[in-house]
Amino acid sequence: QVQLVESGGGLVQAGGSLRLSCAASGDIICISAMGWYRQTPGKERELVADITSLGSTNYADSVKGRFTISRDNAKNTLYLQMNSLKPGDTAVYYCHGERIINIEGATGHSWGQGTQVTVSS
């Protein structure tokens, strides 16, 4: 019901910046929270940052002070501003949305296709 499409990944040098975008469409009003995850080969997908419908944010310790998650509700778009990038930030970044799927309050999950971020040294 919810489609998520990421963009903005690319190749940057250490210390540089990128801004990732995630455009949401479909049953958007059911989304209760959104976030960014990342994954490298051989590792589980890990939470980078998330934001609730009320605007509360949470960040992984490894990105605190460098990354900022935000939303533009009018454009149905989620952003991740990434500054002071490090080679360790290299990963595929995925947009995630938590959905309310029934009147009882059960939740489901939607994922984007991912966008590659590569940080060179």
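- Within the model, atoms NZ of K86 and OG of S121 stand 14.0 Å from one another, a figure rounded to the nearest 0.5 Å.
- Using a 4.5 Å cut-off on side-chain heavy atoms (C-beta onward), V48 and L80 make contact.
- Judged by distance alone, the side chain of T115 and the main-chain N or O of G9 form a donor-acceptor pair under 3.5 Å.
- Here CD of Q3 is found 5.5 Å from OG of S25. Values are rounded to the nearest 0.5 Å.
- Remark: D61 engages K64 in a salt bridge, criterion side-chain N to carboxylate O under 4.0 Å.
- Judged by distance alone, the side chain of Q113 and the main-chain N or O of E6 form a donor-acceptor pair under 3.5 Å.
- No path of Ile, Leu, Val, Met, Phe, Trp and Tyr side chains, each step under 4.5 Å between heavy atoms, connects V117 with Y79, placing them in separate hydrophobic clusters.
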Exercise for review: Decide yes or no on side chain to side chain contact (heavy atoms under 4.5 Å, CB included) for V119 and Q13, but give the supporting numbers first.
Suggested key: CA-CA 5 Å; V119 184; Q13 291 184 322; over 6 Å; no

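- Atom CG of L47 and atom CG of N58 lie 6.0 Å apart (nearest 0.5 Å).
- A tilted orientation is assigned to the rings of W111 and H96, their planes being inclined by 30° to 60°.
- Between the side chain of R99 and the main chain of T107, no donor-acceptor pair closer than 3.5 Å is present.
- Rounded to the nearest 0.5 angstrom, D89 CG and S62 OG are separated by 7.0 Å.
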Could you pull out all donor-acceptor pairs under 3.5 Å where a side-chain atom in residues 26-35 meets a protein atom, sequence neighbours excluded?
from : atom 1 : to  : atom 2 : distance (Å)
S32  : OG     : E98 : O      : 3.4
S32  : OG     : E98 : OE1    : 2.7

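- In terms of heavy atoms, I101 sits closest to G108 at CG2-N, 3.6 Å.
- A side-chain N or O of Y93 and one of R38 form a donor-acceptor pair less than 3.5 Å apart.
- Contact record, A24 with L4: CB-CD2, 3.7 Å, taken as the closest heavy-atom pair.
- Looking at Y59, its side chain does come within 3.5 Å of a backbone N or O of I69 through a donor-acceptor pair.
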Practice item. Check the pair Y37 / E46 against side chain to side chain contact (heavy atoms under 4.5 Å, CB included), numbers first and verdict last. Key: CA-CA 5 Å; Y37 291 70; E46 64 178 359; 5.7 Å; no

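- Annotation for Q116 and A91: closest pair NE2-O, 3.4 Å, computed over non-hydrogen atoms.
- With hydrogens and angles ignored, the 3.5 Å screen pairs no side-chain donor or acceptor of W36 with any backbone N or O of L78.
- For the atom pair CZ of F67 and CG of N83, the computed distance is 8.5 Å after rounding to the nearest 0.5 Å.
- Contact record, L85 with L18: CD1-N, 3.9 Å, taken as the closest heavy-atom pair.
- R71 and T77 share no side-chain donor-acceptor pair at under 3.5 Å.
- Hydrophobic clustering of Ile, Leu, Val, Met, Phe, Trp and Tyr side chains at less than 4.5 Å, counting indirect connections, keeps V92 apart from V12.
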